[in-house]
Amino acid sequence: MRLGPQCYVNAEDSAILARYINDCRNALLYNVRFDKRADLQLAHVIAIRPIRRGHELYASYGRFYWIGKTPTKLRLADVVKLEEEDEKEEQAT
């Protein structure tokens, strides 16, 4: 991840837990954001809505990351269905 001019986070480093945060390319599902601090050579992960234990973390990687890639589009109904399934699964445990 680019923090600033000539400053990047190395996602190959297994100590960087933020490497497990995905970009689903659907702003309805984003639940965290990166607070980039190039001067400190780090980025904080900030929750932007409540996150239930065991749920995937999603943040935008930015538009330049996806140049040349083909997105998969989700409909709002699909997102609602996934959330309902998660809720039922959570209630069953």
Side-chain angles (χ1 to χ4, degrees):
M1 169 181 28
R2 183 176 190 268
L3 297 176
Q6 301 302 312
C7 185
Y8 296 86
V9 171
N10 181 1
E12 292 179 0
D13 182 348
S14 62
I16 307 293
L17 297 179
R19 73 194 221 131
Y20 299 106
I21 297 172
N22 293 309
D23 185 344
C24 59
R25 298 205 60 190
N26 185 328
L28 294 174
L29 296 178
Y30 294 152
N31 52 14
V32 297
R33 68 175 177 81
F34 297 111
D35 179 15
K36 298 177 183 180
R37 305 286 178 101
D39 56 328
L40 300 174
Q41 297 184 338
L42 61 82
H44 294 284
V45 177
I46 309 294
I48 58 174
R49 63 183 175 113
I51 303 167
R52 293 189 295 230
R53 183 176 58 172
H55 276 227
E56 187 84 25
L57 299 180
Y58 295 114
S60 173
Y61 289 174
R63 63 187 176 122
F64 293 111
Y65 179 87
W66 294 107
I67 291 175
K69 296 181 170 52
T70 304
T72 301
K73 294 190 178 194
L74 290 176
R75 297 173 298 139
L76 179 58
D78 295 330
V79 174
V80 170
K81 183 178 176 184
L82 289 171
E83 288 292 324
E84 288 171 351
E85 290 172 2
D86 283 347
E87 215 169 281
K88 286 179 186 175
E89 185 177 301
E90 189 174 281
Q91 289 173 356
T93 58

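If you're wondering where the values come from, they're calculated on a predicted model, not measured in any experiment.
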*Asks:* Flag yes if more than 12 heavy atoms outside E56 fall under 6.0 Å of its CD atom; otherwise flag no.
*Replies:* yes
*Asks:* Same cluster for L3 and V45 if Ile/Leu/Val/Met/Phe/Trp/Tyr side chains link at under 4.5 Å?
*Replies:* yes
*Asks:* Which heavy atom of Y61 sits nearest to which heavy atom of N22, and what is that distance?
*Replies:* OH-CA, 3.2 Å
*Asks:* For the atom pair NE2 (H55) and CG (D86), what is the distance rounded to the nearest 0.5 Å?
*Replies:* 4.0 Å
*Asks:* State, to 0.1 Å, how close C7 and A38 come at their nearest heavy-atom pair, and which atoms those are.
*Replies:*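 Closest heavy-atom pair between C7 and A38: SG-O, 3.9 Å.
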*Asks:* Side chains of L57 and I51, heavy atoms from C-beta outward: is any pair under 4.5 Å?
*Replies:* yes
*Asks:* Work out which heavy atom in L29 is nearest to a heavy atom in R49; give both atom names and the distance.
*Replies:* O-NH2, 3.1 Å
*Asks:* When rounded to the nearest 0.5 angstrom, what is the spacing between NZ in K36 and CD in Q41?
*Replies:*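 K36 atom NZ to Q41 atom CD measures 14.5 Å (nearest 0.5 Å).
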*Asks:* Considering residues, nucleotides and ligands other than E85, do more than 12 of their heavy atoms fall under 6.0 Å from its CD?
*Replies:* yes
*Asks:* Say whether I16 and M1 are linked into one hydrophobic cluster, either directly or through other cluster members, by side-chain heavy-atom distances under 4.5 angstrom.
*Replies:*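 Per the 4.5 Å side-chain linkage, I16 and M1 are co-clustered.
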*Asks:* State, yes or no, whether a side-chain contact exists between V32 and Y58 at a heavy-atom distance under 4.5 Å.
*Replies:* no
*Asks:* Once you round to the nearest 0.5 Å, how far does CG of L28 lie from CG of L82?
*Replies:* 12.0 Å
*Asks:* Could you give the distance from NZ (K81) to CZ (R75), rounded to the nearest 0.5 Å?
*Replies:*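 Interatomic distance, K81 NZ to R75 CZ, rounded to 0.5 Å: 9.0 Å.
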*Asks:* Are side-chain heavy atoms of S60 and F34 found at a separation under 4.5 Å?
*Replies:*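 Contact flag for S60/F34 side chains = no.
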